[in-house]
Q: 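I am attaching a structure below and will ask some questions about it afterwards.
One is the number of the first residue; the rest follow in order along the sequence.
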Amino acid sequence: MPLALLALAVGAFGIGTTEFVIMGLLPDVADDLNISIPAGGHLVSAYALGVVIGAPLLAAVTARMPRRRVLIGLMVLFVVGNAVSAVAPDYHALMLARFVSGLPHGAFFGVGAVVATSLVAPERKARSVSLMFLGLTVANIVGVPVATAMGQQLGWRATFLAVSAIGLAAIAALAALVPADHGHGSAVGVRGELKALGSLPVWLALGTTVAGFGALFAAYSYITPMLTDAAGFAEGSVTLLLALFGVGATVGNLVGGRLADHSLRATLFGGLTSLVVVLALFPLLMRTEWSAALAVLLLGTAAFTTGSPLQLMVMEKASAAPSLASSANQAAFNLANAGGAWIGGLALAAGFGATSPAVTGAVLAVLGLGVAGVAYAVDRGRGATTAAPGRLVAAHVPEPEAEPVRR
């Protein structure tokens, strides 16, 4: 695998750290700025809003620009947002800075996935995307705990300065390692990108992302009360258990990328089915400490097995102009985050018990399987043929000499 993927992973590591570290620092930020914890929670929403708006917008306006330059520019915006967060004088300034920090998130992963797949042979595309996402999953194991501890010891502002430094390292790595001949912009421009985004297969792939990862966040958003109220863990043990989730996510991400290069569709269906099973078993697994820890590990593994297949599927469905669709998939991830947390919260508010968000997540995962099944049927109806068990080859490709795309 080319070293340029390391540069993408460094950027993903910084993005993953800044996205999740604010949750552990909310009490410190609230005390320093004299705001309530619920008001501090709006800082999380501001970042997510930046991702949802920035992903398609920045991908569209930079469609014709060289992709290496786009990636570097996005990381510059990332550094600025985090540096301003570190010196924000009040709550409103920090809110704006967090919004700015979120703007490059989706576009970086979207454009980065396009660059990653252009660097490798066709049979390694999903693996290349998973290696870029590796930075995001490792951030949950190393970056977030270390940055949280730094913020608690040195002040929360020091954390955002450290994240800015990671962004600078990513800029240097991108400039040094991403080759210029893999950095060309889209030939179709904004109109072509928007046209590609409007097709039914692309929207079905995005719908699968929203439902599938909505299932994850319906449960994961309330994992702490599950572990403390249902499994009986002390609050001080939760951080270590969340690191287990990061380990599972890393394993699932790598396994999913490798399997998807052999059979993208089968990997997606298998990952979603595993997610249904794990979430449905949560009420049983949360009865003892050892099984609860296993449940957290399996949740990360099952959910992130689908990450690379979903990203690659969206890109292939919009193969003529993949940058905007790839970035839109990152916006779909964040919509899944917000929507899943809201739906899981409804189950809790209705009094169905501490593990009810996981059962709700299982229902969403079944919905994701249904959308993926509809997408499969649409592909078959449009003339796809079976090449081998679990693999589909498109009957029509853009150029006669192009190699068939495996699904």
Side-chain angles (χ1 to χ4, degrees), residues 16-17 19-27 37 41 44 136-149 151-152 212-256 270-307 337 340-341 343-366:
T17 300
E19 179 180 16
F20 294 108
V21 75
I22 187 65
M23 300 170 189
L25 295 176
L26 276 184
I37 292 292
V44 179
L136 181 65
T137 58
V138 170
N140 282 283
I141 304 173
V142 180
V144 173
V146 171
T148 300
Q152 291 170 344
F213 273 82
L216 166 65
F217 287 111
Y220 188 65
S221 299
Y222 305 97
I223 196 68
T224 296
M226 285 192 225
L227 291 171
T228 55
D229 298 345
F233 280 101
E235 290 187 5
S237 304
V238 172
T239 300
L240 180 60
L241 291 165
L242 294 184
L244 268 181
F245 174 84
V247 172
T250 300
V251 171
N253 175 54
L254 292 175
V255 170
L272 287 171
T273 301
S274 300
L275 188 58
V276 172
V277 173
V278 170
L279 288 171
L281 289 175
F282 249 60
L284 294 176
L285 295 173
M286 284 291 157
R287 292 181 178 179
T288 64
E289 291 188 353
W290 73 266
S291 59
L294 177 63
V296 174
L297 179 70
L298 292 177
L299 178 63
T301 305
F304 278 84
T305 297
T306 65
N337 189 340
I343 293 173
L346 291 178
L348 273 181
F352 292 126
T355 59
S356 60
V359 179
T360 304
V363 175
L364 288 174
V366 171

Q: If you measure from CG on Leu299 to CG on Leu294, what distance do you get to the nearest 0.5 Å?
A: 11.0 Å

Q: Test of understanding: with side-chain contact (heavy atoms from CB on, under 4.5 Å), list the residues that count as partners of Val142, not counting sequence neighbours.
A: Val138, Val146

Q: What's the shortest heavy-atom distance between Ala365 and Val276, and which atoms?
A: CB-CG2, 3.4 Å

Q: So, for Pro225 and Ala354, which heavy atoms are closest and what is the spacing to 0.1 Å?
A: O-CB, 4.3 Å

Q: Looking only at non-hydrogen atoms, find the nearest pair between Leu279 and Ala358 and report the distance.
A: CB-O, 3.4 Å

Q: With a 4.5 Å cut-off on side-chain heavy atoms, are Met286 and Leu227 touching?
A: yes

Q: For the CG atom of Leu298 and the CG atom of Leu285, what is their distance to the nearest 0.5 Å?
A: 7.5 Å

Q: Could I get the full list of side-chain contact (heavy atoms from CB on, under 4.5 Å) partners for Thr148, not counting sequence neighbours?
A: Val21, Leu25, Val144, Gln152

Q: According to ring-ring contact (aromatic ring centres under 6.0 Å, His included), does anything in residues 216-235 pair up with another residue at least two apart or in another chain? List the pairs.
A: Tyr220-Phe245

Q: When you compare the side chain of Ile343 with that of Val363, does any pair of heavy atoms fall below 4.5 Å?
A: no

Q: Please list all pairs passing the ring-ring contact (aromatic ring centres under 6.0 Å, His included) test where one or both residues lie in residues 280-302, with sequence neighbours left out.
A: none

Q: Which distance, rounded to the nearest 0.5 Å, do you find between the CD of Glu19 and the CG of Asn337?
A: 7.0 Å

Q: With sequence neighbours excluded, what pairs up with Phe213 under the ring-ring contact (aromatic ring centres under 6.0 Å, His included) test?
A: Phe304, Phe333

Q: Using the test side-chain contact (heavy atoms from CB on, under 4.5 Å), find all partners of Pro283 that sit at least two apart in sequence or belong to another chain.
A: Thr355, Val359

Q: With sequence neighbours left out, write down each residue that passes side chain to side chain donor-acceptor pair (under 3.5 Å) with Ser291, or none if nothing qualifies.
A: Thr288

Q: Can you see which heavy atom on Leu272 is nearest to which on Thr306, and at what distance?
A: N-CG2, 3.7 Å

Q: For Met226 and Pro357, work out which heavy atoms get closest and say how close.
A: CE-CB, 4.1 Å

Q: Less than 4.5 Å apart, side chain to side chain, heavy atoms only: is that true for Val247 and Leu297?
A: yes

Q: Please list, chain by chain and in numerical order, all residues satisfying side-chain contact (heavy atoms from CB on, under 4.5 Å) with Ala303, sequence neighbours excluded.
A: Leu216, Leu275

Q: Could you tell me whether the side chain of Leu244 reaches within less than 4.5 Å of the side chain of Leu241, counting heavy atoms only?
A: yes

Q: For Thr137, give me all partners under side chain to side chain donor-acceptor pair (under 3.5 Å), at least two apart in sequence or on another chain.
A: Thr250

Q: If you take all heavy atoms of Val278 and Ala295, which pair is closest and at what distance?
A: CG1-O, 4.3 Å

